[in-house]
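Notes follow once the structure below has been shown.
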Amino acid sequence: QVKLTESGGGLVEAGASLRLSCVASGQTFGTYAMAWFRQAPGKDREFVARISSGGVLTDYSDSVKGRFTISRDKAKDTVFLQMNSLKPEDTAAYFCAARRSYGTRLESDYGYWGQGTQVTVSS
């Protein structure tokens, strides 16, 4: 029902900032809760942040809390991940995901995924 496309990744130095975007297609985008996950080579995909369909409720993993901010713009069908104070351990492919309701961090509960965008942080 929805198609997700991420962008905004790149190569930056430690301490720098990046803003990832996830553009969604489809008429029902505003009814979906959204999330960001990331996966480093050789590691499992892990939860990063999530946001409710209304954009009020948010949740972050301990590793990014205080540094990353998730937000959404319903008018433009876009979800963002503002990443500040980036660390080398943030290096990973970042994926946007969607599901019908807010309330879970589990990868298996999200049915729609983007292709990913690479974030690389050098020291």
Side-chain angles (χ1 to χ4, degrees):
Q1 292 293 321
V2 298
K3 179 181 178 181
L4 307 176
T5 305
E6 304 98 331
S7 64
L11 173 62
V12 298
E13 296 181 348
S17 297
L18 280 174
R19 187 192 191 196
L20 305 184
S21 298
C22 173
V23 179
S25 63
Q27 289 286 341
T28 62
F29 172 74
T31 68
Y32 286 83
M34 305 294 295
W36 288 94
F37 291 79
R38 66 186 182 185
Q39 186 170 25
K43 294 186 177 181
D44 294 333
R45 190 170 298 183
E46 65 175 343
F47 167 79
V48 175
R50 60 192 174 111
I51 188 168
S52 62
S53 61
V56 176
L57 301 176
T58 59
D59 182 40
Y60 301 90
S61 68
D62 290 340
S63 63
V64 308
K65 188 175 183 180
R67 299 188 297 119
F68 291 9
T69 302
I70 188 171
S71 62
R72 66 191 301 161
D73 184 343
K74 287 188 174 182
K76 297 184 177 181
D77 293 342
T78 304
V79 177
F80 304 97
L81 185 67
Q82 178 66 45
M83 305 184 295
N84 298 327
S85 301
L86 283 164
K87 305 175 181 179
E89 51 262 44
D90 294 319
T91 296
Y94 284 72
F95 298 87
C96 179
R99 66 181 183 89
R100 294 185 180 184
S101 63
Y102 184 86
T104 180
R105 293 180 172 189
L106 298 177
E107 176 185 357
S108 61
D109 288 337
Y110 288 80
Y112 301 95
W113 294 85
Q115 83 290 342
T117 185
Q118 180 66 38
V119 173
T120 302
V121 184
S122 63
S123 60

Please report the interatomic distance [atom1]([X]) to [atom2]([Y]), rounded to the nearest 0.5 Å.
X	Y	atom1	atom2	answer
Ile70	Leu57	CD1	CG	11.5 Å
Ser123	Leu86	OG	CG	13.0 Å
Glu107	Arg45	CD	CZ	5.0 Å

Please check if the side chain of [X] supplies one atom and the backbone of [Y] the other of a donor-acceptor pair under 3.5 Å.
X	Y	result
Gln115	Glu6	yes
Ser53	Ala33	no
Arg100	Tyr110	no
Thr91	Val121	yes
Tyr94	Ser7	no
Arg67	Ser85	yes
Thr120	Leu11	no

Contact check, side chains of Thr58 and Arg50, non-hydrogen atoms, under 4.5 Å: no
Side chain to side chain, Leu20 and Trp36, heavy atoms closer than 4.5 Å: yes
Intermediate values then yes/no, side chain to side chain contact (heavy atoms under 4.5 Å, CB included), Leu81 and Thr69: CA-CA 6 Å; Leu81 185 67; Thr69 302; over 6 Å; no
Asp77/Arg72 salt bridge by N-O under 4.0 Å criterion: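 No.
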Arg38 NZ/CZ over Phe95 ring centroid, <6.0 Å and within 45° of normal: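 No, Arg38 and Phe95 do not form such a contact.
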Tyr102: which of Asp59, Ile51, Val56 passes side chain to side chain contact (heavy atoms under 4.5 Å, CB included): Asp59
Aromatic ring pairing Phe37/Trp113, orientation class (parallel under 30°, perpendicular over 60°, tilted between):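 Geometry flag for Trp113 against Phe37: tilted rings.
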Same apolar cluster: Phe68 and Phe80, side chain cutoff 4.5 Å: no
So which heavy atom on [X] is nearest to which on [Y], and how close?
X	Y	value
Ala14	Pro88	CB-CD, 4.2 Å
Arg105	Phe47	NE-CE2, 3.4 Å
Met34	Leu4	CE-CD2, 3.9 Å
Asn84	Ser17	OD1-OG, 2.9 Å

Within the 6.0 Å centroid threshold, strictly below: Tyr112 and Tyr32: yes
Polar contact flag, side-chain donor to acceptor under 3.5 angstrom, Asp73-Thr78: no
